[in-house]
Amino acid sequence: MGRYRIRVATGAWLFSGSHNSVQLWLVGACGEAELQLQLRPARGQEEEFDRDVPKDLGPLQFLKLRKHHSLVDDAWFCDLITVQGPGACEEAAFPCYRWVQGQGVLSLPEGTEKVHQCWRDDELFGYQFLNGANPMLLRRSTSLPCRLVLPPGLEALGAQLERELQNGSLFEADFILLDGIPANVIRGEKQYLAAPLVLLRMTPNGKLLPVVIQIQPPSPSTPTPQLFLPSDPPFAWLLAKVWVRNADFQLHQLQYHLLNTHLVAEVIAVATMRCLPGLHPVFKLLIPHIRYTMEINTRARSQLISEGGIFDKAVSTGGGGHVQLLRRAMAQLTYRSLCPPDDLADRGLLGIPSALYAHDALRLWGITARYVEGIVHLFYHRDDIVRGDPELQAWCREITEVGLCQAQDRGFPVSFQSRKQLCHFLTMCVFTCTAQHGAINQGQLDWYAWVPNAPCTMRMPPPTTKEDVTMTTVMGSLPDVRQACLQMTITWHLGRRQPDMVPLGHHKEKYFSSPKAKAVLNQFQTDLESLEREITARNEQLDLPYDYLKPSHIENSVTI
């Protein structure tokens with residue numbers, strides 16, 4: 001028998017406490033145990049419970065949670081649950097930071113997700129390209145990158161890369177968009193940027209492992225840049241991976257998070273408010289998915305990317321480089337890149353069992369497409385009705401020609417000629433404002449709170465030799481304490497679940513009044529619940545669950 005001490009922290013929000021009883025399951029590597037707790041209604045307080053469990057559960061991996069109620073569903077805002085196991089086991093933390101209501105079972109993974117313990121491992125490094133905070137850069141190689149220059153003596157590496165290429169198991173992540181972007185100066189100290197290339201191989205069991213890293217592309221002064229390999233001295237290889245993670249932080253935050261979700265959602269929101277009357281079916285379809293988007297983007301402009309904002313204070317692309325990077329990223333933004341079926345096909349990531357983002361994104365795209373099609377077909381019975389809707393056509397032109405700055409040469413439509421074309425575009429709009437933002441935003445706390453795994457800036461230039469790299473070099477390159485604290489603070493604010501969060505498809509406003517439209521929305525909710533159960537069952541079999549595209553975790557609009 002083992003004794004477990006459970007500490008439950010209730011939020012400080014008004015009415016955060018609850019009189020209802022709570023059922024807990026502790027899920028460990030060696031089994032699970034069911035517990036019953038009786039909460040007190042006090043808000044902003046921590047309660048402690050000691051419970052005996054018949055056997056040692058081993059390292060805790062999940063905590064399952066259900067709140068019961070008799071007459072009234074007394075909602076409870078749970079901040080955090082920590083569990084101290086028997087003996088000298090480390091305390092396990094299970095972050096929640098959300099309202100718990102209804103009688104469904106909520107699954108909370110253990111809060112460390114292995115980053116602090118395993119951030120140096122090649123396996124976790126590769127995993128993040130598939131399922132981390134930024135799963136948008138990786139692509140399957142169709143040829144060896146032209147920027148990769150193999151110096152004499154690395155013929156064996158060249159042969160290995162060719163074999164992996166022929167087997168279809170060679171992948172790449174190229175950060176060339178950062179090449180030439182000026183680095184920030186923070187409190188008088190120059191920061192540094194690089195534009196790495198990393199090649200990875202996929203093993204038969206689905207693990208993605210780095211093979212070679214080129215930190216900088218060839219240049220007239222360095223025609224054969226240094227290549228870093230897993231066989232190099234440990235600190236040299238670690239520092240090369242840190243440079244890749246720093247570059248990924250920059251592109252994730254600016255290109256894939258700010259531009260491809262927040263700013264694209266803003267374009268959709270502005271065009272919807274300008275061109276569509278409140279009675280228009282497309283207005284009614286989209287309005288729940290653009291809630292608070294303008295507000296959060298205004299705050300981003302005034303606090304994050306503004307002069308003297310967070311980027312200027314702590315990020316290596318701050319000080320103006322971030323603006324140049326956004327311009328470059330905007331010039332490369334295509335319609336296909338915002339549509340997962342097209343984007344994942346273009347990147348060669350279809351049909352990979354370990355690509356959990358890809359799998360869940362495709363499922364959500366399909367569910368969203370059926371919902372959109374159901375609504376559109378209620379109001380547009382034929383293609384000629386689509387073509388003859390002047391407000392709809394003006395809305396399309398506003399997005400492509402004005403908001404996206406003449407983006408028709410990048411695949412965006414300037415008119416809708418059919419119901420199918422309209423449905424595809426609206427699916428992109430809803431998906432971008434909901435699921436895609438969820439996939440890109442939610443992982444920040446998990447992957448960025450441990451700063452060495454994704455440093456916001458680098459304080460020393462990239463290494464040009466391998467033998468001289470020491471732990472002092474690594475520590476001197478990472479953000480200082482002030483910068484690291486800013487990174488941890490902002491990623492907590494951006495990545496945490498909001499207390500007034502509205503899950504995808506569950507907005508309380510009833511914009512459509514007809515029974516047929518309500519039935520379409522009900523089916524959408526049913527499909528999302530089915531996917532929720534599918535993802536939950538899958539995650540119970542995984543060492544590292546992927547929850548970012550769980551429907552209950554996806555916000556109905558871009559609000560943070």
Side-chain angles (χ1 to χ4, degrees), residues 1-13 16-68 75-101 105-119 442-451 453 485 488-489 491-493 495-499 501 539-540 542-545 547 550 553:
M1 176 178 289
R3 169 153 289 204
Y4 287 80
R5 175 162 295 175
I6 299 102
R7 295 185 179 90
V8 181
T10 295
W13 307 93
S16 291
S18 175
H19 292 278
N20 294 160
S21 63
V22 172
Q23 187 177 8
L24 289 179
W25 291 266
L26 304 180
V27 182
C30 303
E32 71 176 61
E34 179 182 336
L35 311 174
Q36 292 285 347
L37 306 178
Q38 181 62 50
L39 298 177
R40 300 185 184 92
R43 64 187 176 101
Q45 293 188 8
E46 181 178 280
E47 302 170 69
E48 188 174 292
F49 305 86
D50 287 328
R51 293 292 186 271
D52 290 324
V53 172
K55 65 175 183 177
D56 187 350
L57 303 176
L60 293 180
Q61 298 174 341
F62 282 93
L63 186 152
K64 294 192 291 187
L65 175 68
R66 174 188 282 153
K67 185 179 67 61
H68 296 280
W76 167 46
F77 192 89
C78 175
D79 272 357
L80 176 71
I81 300 176
T82 60
V83 181
Q84 177 72 53
C89 295
E90 282 190 17
E91 188 175 64
F94 301 88
C96 185
Y97 300 107
R98 72 190 79 173
W99 288 101
V100 180
Q101 52 192 359
V105 175
L106 181 64
S107 179
L108 303 177
E110 206 279 319
T112 55
E113 283 206 315
K114 297 186 177 181
V115 177
H116 176 253
Q117 300 167 353
C118 305
W119 71 280
Q442 290 186 65
Q444 294 182 92
L445 184 60
D446 292 334
W447 298 105
Y448 293 172
W450 179 246
V451 173
N453 183 62
C485 287
M488 295 169 70
T489 301
T491 53
W492 181 81
H493 278 291
R496 68 190 175 98
R497 188 182 178 105
Q498 300 305 295
M501 183 264 198
N539 284 349
E540 289 176 351
L542 299 175
D543 291 335
L544 198 56
D547 278 334
K550 218 174 188 179
H553 292 193

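As the structure is a prediction and not an experimental result, all values here were calculated from the model.
We find that Glu34 and Lys64 are not joined by a salt bridge, their nearest charged nitrogen and carboxylate oxygen being 4.0 Å or further apart. A salt bridge is absent between Arg7 and Glu47; no separation between the charged side-chain nitrogens and carboxylate oxygens falls under 4.0 Å.
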side-chain contact (heavy atoms from CB on, under 4.5 Å) between Tyr4 and Leu26, worked out = CA-CA 10 Å; Tyr4 287 80; Leu26 304 180; 4.0 Å; yes
Please test His68 against Gln23 for side-chain contact (heavy atoms from CB on, under 4.5 Å), starting from the C-alpha separation and ending with a verdict.
-> CA-CA 8 Å; His68 296 280; Gln23 187 177 8; 2.7 Å; yes
Mind running side-chain contact (heavy atoms from CB on, under 4.5 Å) on Val100 and Phe77 for me, showing each step along the way?
-> CA-CA 6 Å; Val100 180; Phe77 192 89; over 6 Å; no
Mind running side-chain contact (heavy atoms from CB on, under 4.5 Å) on Trp447 and Asn453 for me, showing each step along the way?
-> CA-CA 7 Å; Trp447 298 105; Asn453 183 62; 3.9 Å; yes
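Nearest heavy atom pair, residue Ala93 against residue Leu80, reads CB-CD1, 4.2 Å. Of all the heavy atoms in Asp52 and Arg3, the pair that sits closest is OD1-NE, 2.8 Å.
Using a 4.5 Å heavy-atom threshold, the side chains of Asp547 and Asn539 count as touching. Contact of the Gln45 side chain with the Thr10 side chain is not registered, since no non-hydrogen atoms from C-beta on lie closer than 4.5 Å. Two residues are said to be in side-chain contact when any heavy atoms from C-beta on lie closer than 4.5 Å; Leu63 and Ile81 meet this criterion. With a 4.5 Å cut-off on side-chain heavy atoms, Ile6 and Val8 count as touching. Between Val83 and Phe94, some side-chain heavy-atom pair lies under the 4.5 Å cut-off. Side-chain contact between Arg66 and Val22 is absent, with no heavy-atom pair separated by less than 4.5 Å.
Note that CH2 of Trp450 is 10.5 Å distant from CD of Gln117, once rounded to the nearest 0.5 Å. Atom NZ of Lys67 sits about 9.5 Å away from atom CH2 of Trp76, to the nearest 0.5 Å. Within the model, atoms OG1 of Thr82 and CG of Leu60 stand 11.0 Å from one another, a figure rounded to the nearest 0.5 Å. Interatomic distance, Met488 CE to Leu445 CG, rounded to the nearest 0.5 Å: 9.5 Å. A distance of 11.0 Å separates CG of Leu65 from CG of Leu35, quoted to the nearest 0.5 Å.
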